[in-house]
Amino acid sequence: MGELYLALVHAPVYNKNGAIVATSITNLDLHDIARAAATFGVKRYYVVHPAEAQQALARRIMGFWQEGFGAEYNPDRREAFTRVRLVANLDEAAAEIRESEGQAPLLVATDAGRYPNTVAYPDLRRRLEEEDRPFLLLFGTGWGLLPRDVANADLVLAPVFGPDEYNHLSVRSAAAIILDRLRGH
């Protein structure tokens, strides 16, 4: 079985006007995606942000739940946060995975669009179960990953669609749905 890693990219991403920006790290994304990662066996959850001030904020939030009162009050959250790593860019995450696993990860982007290298959930799930290699699942904050990051991915996961036209999930909701489809029972 391949190891599954997850990266939440805060920069560079798009905002709703199509400008390239850095988004803020949020408490809810840290907590909820860390908990989903722990639930579905993600080996490491990378929070990608180049700004030291944003990384310091994330360390402060995580520190509360990993040490002292927060860790005693909610040991499950402490456990979930052991999977979180802060990195400045995707290259750092990929390098850490390569060092740990002995091979580069297969990059799998998430996006609301379809691409020539789009893969369906059952196909990626099968690959995760059968291949002995690391997979890095990429999520973008704001209005999504840049086209260059999607183009650099080995695969693009099929979008999450509901029964209607509306298609704008929070990244933490999308991450939970996707992880359940790939690893749930």
Side-chain angles (χ1 to χ4, degrees), residues 2-38 40-67 70-71 77-112 115 133-157 169-176 178-179 182:
E3 291 289 355
L4 182 59
Y5 294 82
L6 187 151
L8 181 62
V9 179
H10 290 85
V13 293
Y14 282 124
N15 71 8
K16 70 179 180 176
N17 299 315
I20 297 173
V21 299
T23 59
S24 297
I25 293 174
T26 71
N27 186 15
L28 290 173
D29 288 347
L30 282 174
H31 284 250
D32 290 352
I33 296 174
R35 292 160 65 189
F40 292 106
V42 171
K43 188 168 183 179
R44 185 89 57 242
Y45 163 32
Y46 293 97
V47 177
V48 181
H49 205 300
E52 180 53 41
Q54 285 291 303
Q55 288 191 19
L57 170 66
R59 280 192 293 275
R60 184 171 167 221
I61 292 166
M62 294 185 319
F64 176 81
W65 296 105
Q66 292 176 305
E67 304 161 0
R77 192 153 302 164
R78 180 183 65 226
E79 179 183 342
F81 276 126
T82 64
R83 297 169 191 268
V84 180
R85 294 286 184 278
L86 301 171
V87 294
N89 56 58
L90 279 174
D91 290 340
E92 277 186 56
E96 183 178 303
I97 294 167
R98 187 172 32 264
E99 184 176 317
S100 171
E101 300 289 337
Q103 61 182 315
L106 186 86
L107 299 178
V108 183
T110 60
D111 194 89
Y115 297 82
R133 67 174 305 166
F135 292 78
L136 177 56
L137 196 54
L138 309 176
F139 289 89
T141 58
W143 286 65
L145 297 168
L146 299 185
R148 72 166 194 234
D149 292 326
V150 176
N152 287 336
D154 300 296
L155 300 169
V156 180
L157 194 54
L169 291 170
S170 69
V171 71
R172 63 189 168 276
S173 296
I178 289 169
L179 289 173
L182 295 176

Distance, nearest 0.5 Å, that separates CG of Leu8 from OG1 of Thr23 = 7.5 Å
Where is the tightest heavy-atom contact between Leu28 and Arg172, given as atom of each residue plus distance?
-> CD1-NH2, 3.6 Å
Please identify each residue that fulfils salt bridge (charged side-chain N to carboxylate O under 4.0 Å, His left out) with Glu92, with sequence neighbours left out.
-> none
In Å and rounded to the nearest 0.5 Å, what is the NE2 to CD1 distance from His10 to Ile25?
-> 5.0 Å
Over all heavy atoms of both residues, which pair between Val84 and Met62 is shortest? Give the atoms and the distance, please.
-> CG1-SD, 3.3 Å
Under 3.5 Å, side-chain donor or acceptor atoms of residues 101-110 against the rest of the protein: list the pairs with distances, not counting sequence neighbours.
| unit_1 | atom_1 | unit_2 | atom_2 | d |
| --- | --- | --- | --- | --- |
| Glu101 | OE2 | Tyr5 | OH | 2.5 |
| Glu101 | OE2 | Lys43 | NZ | 2.9 |
| Gln103 | NE2 | Asp132 | O | 3.1 |
| Thr110 | OG1 | Leu138 | O | 2.7 |

Taking every non-hydrogen atom, the tightest pair across Gly140 and Val13 | CA-CG1, 4.3 Å
Nearest-0.5 Å distance, CD1 of residue Ile33 to CZ of residue Phe139 | 7.0 Å
Please confirm whether the backbone N or O of Thr26 pairs with a side-chain atom of His31, one donor and one acceptor, at under 3.5 Å?
-> no
To the nearest 0.5 angstrom, please state how far the CG atom of Asn152 sits from the CG atom of Leu90.
-> 9.5 Å
So, the side chain of Asn89 versus the backbone of Asp91: is there a donor-acceptor pair under 3.5 Å, distance only?
-> yes
Rounded to the nearest 0.5 Å, what's the gap from CH2 on Trp65 to CG on Asn27? Could you check?
-> 8.5 Å
Taking every heavy atom of Tyr14 against every heavy atom of Val21, the minimum-distance pair comes out as C-CG2, 4.1 Å
When rounded to the nearest 0.5 angstrom, what is the spacing between CG in Leu30 and OH in Tyr45?
-> 5.5 Å
Heavy-atom nearest pair, Ala34 first then Ala80, reads O-CB, 3.6 Å
Checking Arg85 side chain against Ala93 main chain: does a donor-acceptor pair fall under 3.5 Å?
-> no
Among Val47, Val48, Val9, side-chain contact (heavy atoms from CB on, under 4.5 Å) partner for Val87 | Val48
Heavy-atom closest pair, residues Leu136 and Tyr46 = CD1-CD1, 4.4 Å
Sequence-distant partners of Glu52, salt bridge (charged side-chain N to carboxylate O under 4.0 Å, His left out), two or more places apart = Arg59
With side chains defined as the heavy atoms from C-beta onward, is the minimum distance between Pro12 and Arg148 less than 4.5 Å?
-> yes
